[in-house]
Novice: 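This is the structure I have questions about; it appears just below.
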Number of protein chains: 2
Amino acid sequence: MTTKGTAERIIEAALQLVSEKGYTAATTKSIAELAGVNEVTLFRHFGNKRGLLKAIIEQFSYYPLLQQEINQNVTWELEQDLLNFSLKHFHFLMSIKDFVMIGFKESIQFPEISEEIANIPLLIKKELIVYFQEMHQRGKIREVDFEAAALSLIALNFGHFMSRARLGTIVSDLPTEELLQTSVAIFSRGLVS
Amino acid sequence: MTTKGTAERIIEAALQLVSEKGYTAATTKSIAELAGVNEVTLFRHFGNKRGLLKAIIEQFSYYPLLQQEINQNVTWELEQDLLNFSLKHFHFLMSIKDFVMIGFKESIQFPEISEEIANIPLLIKKELIVYFQEMHQRGKIREVDFEAAALSLIALNFGHFMSRARLGTIVSDLPTEELLQTSVAIFSRGLVS
DNA sequence: TTAGCATGTAAGTAATTACTTGCATGAAAG
DNA sequence: CTTTCATGCAAGTAATTACTTACATGCTAA
């Protein structure tokens, strides 16, 4: 009980600090301080600093991926489906924002994270291609390179996510939902036959 | 002569290492080693480690921005213009890839870089909005939220850039030009009236 | 030739960092 | 009541880091 709470608090603090300042700059002292525990407790739980990050990675691998949820609520109405997907995609990325940032920052020190993160667009791409193919067979979208189309939608959402996650409302103060709606409206209109 | 070359080599090495490993993990020793100079030379040139990064930021502020080049070669043919812009945008981001990465990694330690980087999409957004408005008046694109449209195109290109810059061909081995072409084709088709 | 200037070399310093050890404490479980 | 177990606390260690100082060397320009 107390144990679990302690370890969790340490992981949480590490996740925050490492994603903010990077692995090296996030000292064990500062992590322990933010978690509200003694520094030795950190080592007693995770052995060493790398062990702490391993725990973070492991926790992430249990995180429910977006993938399964994509095919749910499919209406075979292009714009509606893509908006539904894009909203989910965006909020999913936001929910794992810290992981994504660590993945980008520590791709050299912890290539495992990079791989884990790179897997997300890969899985989503496959799902989207299948969806686009089916939509094409139903005569609802025109013939395009479905892989490129899938990658584009993913890039679109990822771009919006990065902009909001790192720059906030500096670039634009449009409400996220509104922005995504217009974004998807243009994109799906470009796909319809 | 030799002075300039030395300072430049140090800056180059720092740019590479800091963008790869982050500011804290890129030690002055490793930077000097990569630059092929003695560590003291680094301090003689830039005073301290922060001074070195200041020099990097300053060098970037002199970098020719994409902005002016956008309005050149405008044909008022939507797809052609947007493809031309997107290719320029993408390759511009690639050319300042290391700056962008530092900007994302060191947004806390060096907020100036973040601001500098955030300025890019802001300027481009303004240019794109003007272009879209003019295209609308010419009856070539339909009525949409031009700001959202501009942000979407920027997010699209940025997403492609991030994917290629960090994940290489893991997600897809489609040739960049081909990918951008399909990407822009869909997007512009979604805008035409 | 000489004077200056950029750089290399060697040595050192104070601070920080990851990590350890030994002991005290307090709460829960048997 | 006692044992166990997670944690706190104090102290310390070896390595690393940013940075300094003093002196030697070699190239360039006057």
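Just so you know, these numbers come straight off a predicted model, no measurement behind them. Chain naming here is simple, since letters A, B, ... match the order of the sequence lines and numbering starts at 1 in each.
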Novice: I need the CG-C1' distance between L17(B) and dT17(D), as an integer number of Å.
Specialist: 15 Å

Novice: Expressed as a whole number of angstroms, how long is the span from F46(A):CZ to dT20(C):P?
Specialist: 15 Å

Novice: Closest approach to the side chain of V40(A), judged atom by atom: which nucleotide of dA10(C), dA10(D), dC19(C) is it?
Specialist: dA10(D)

Novice: Does a nitrogen or oxygen in the side chain of H45(B) sit under 4.0 Å from OP1 or OP2 of dT7(C)?
Specialist: yes

Novice: Do H45(B) and T6(B) have side-chain N/O donor and acceptor atoms under 3.5 Å apart?
Specialist: no

Novice: Is the shortest heavy-atom distance from the side chain of R50(A) to the side chain of F110(A) under 4.5 Å?
Specialist: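 SC-SC contact between R50(A) and F110(A) confirmed.
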
Novice: When the distance from CG of L52(B) to P of dC19(D) is rounded to whole Å, what number comes out?
Specialist: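 One finds 10 Å between P of dC19(D) and CG of L52(B), rounded.
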
Novice: Of L42(A), L52(A), N48(A), which is the lone residue that meets side-chain contact (heavy atoms from CB on, under 4.5 Å) with T28(A)?
Specialist: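 Going through the options one by one, the only one that passes is L42(A).
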
Novice: Can you tell me if E134(B) has over 12 outside heavy atoms packed within less than 6.0 Å of its CD?
Specialist: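 Count over threshold, so yes.
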
Novice: What's the closest nucleotide to the side chain of K49(B) if the choices are dG8(C), dA18(D), dC19(C)?
Specialist: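 Ranking dG8(C), dA18(D), dC19(C) by closest atom to the K49(B) side chain puts dA18(D) first.
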
Novice: Return yes when atom NZ of K97(B) has more than 12 non-hydrogen atoms of other residues, nucleotides or ligands closer than 6.0 Å, and no otherwise.
Specialist: no

Novice: Is the distance from OP1 or OP2 of dA6(D) to the nearest side-chain N or O of T6(A) less than 4.0 Å?
Specialist: no

Novice: Give, ordered by number, those residues of residues 22-39 of chain A having at least one heavy-atom distance below 4.0 Å to an atom of DNA chain D; if nothing qualifies, reply none.
Specialist: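 Listed by number, they are G36(A), V37(A), N38(A).
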
Novice: Quick one: on DNA chain C, does R44(B) or R50(A) contact a more 5' nucleotide (nearest heavy atom)?
Specialist: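 It is R44(B) whose nearest nucleotide is closer to the 5' end.
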
Novice: When you measure from the side-chain N and O atoms of T41(A) to the phosphate of dA6(D), is any distance below 4.0 Å, counting only OP1 and OP2?
Specialist: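 The answer is no; no side-chain N or O of T41(A) sits under 4.0 Å from OP1 or OP2.
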
Novice: Taking atom CD as the centre, does Q109(B) end up with more than 12 heavy-atom neighbours from other residues, nucleotides or ligands that are less than 6.0 angstrom away?
Specialist: yes

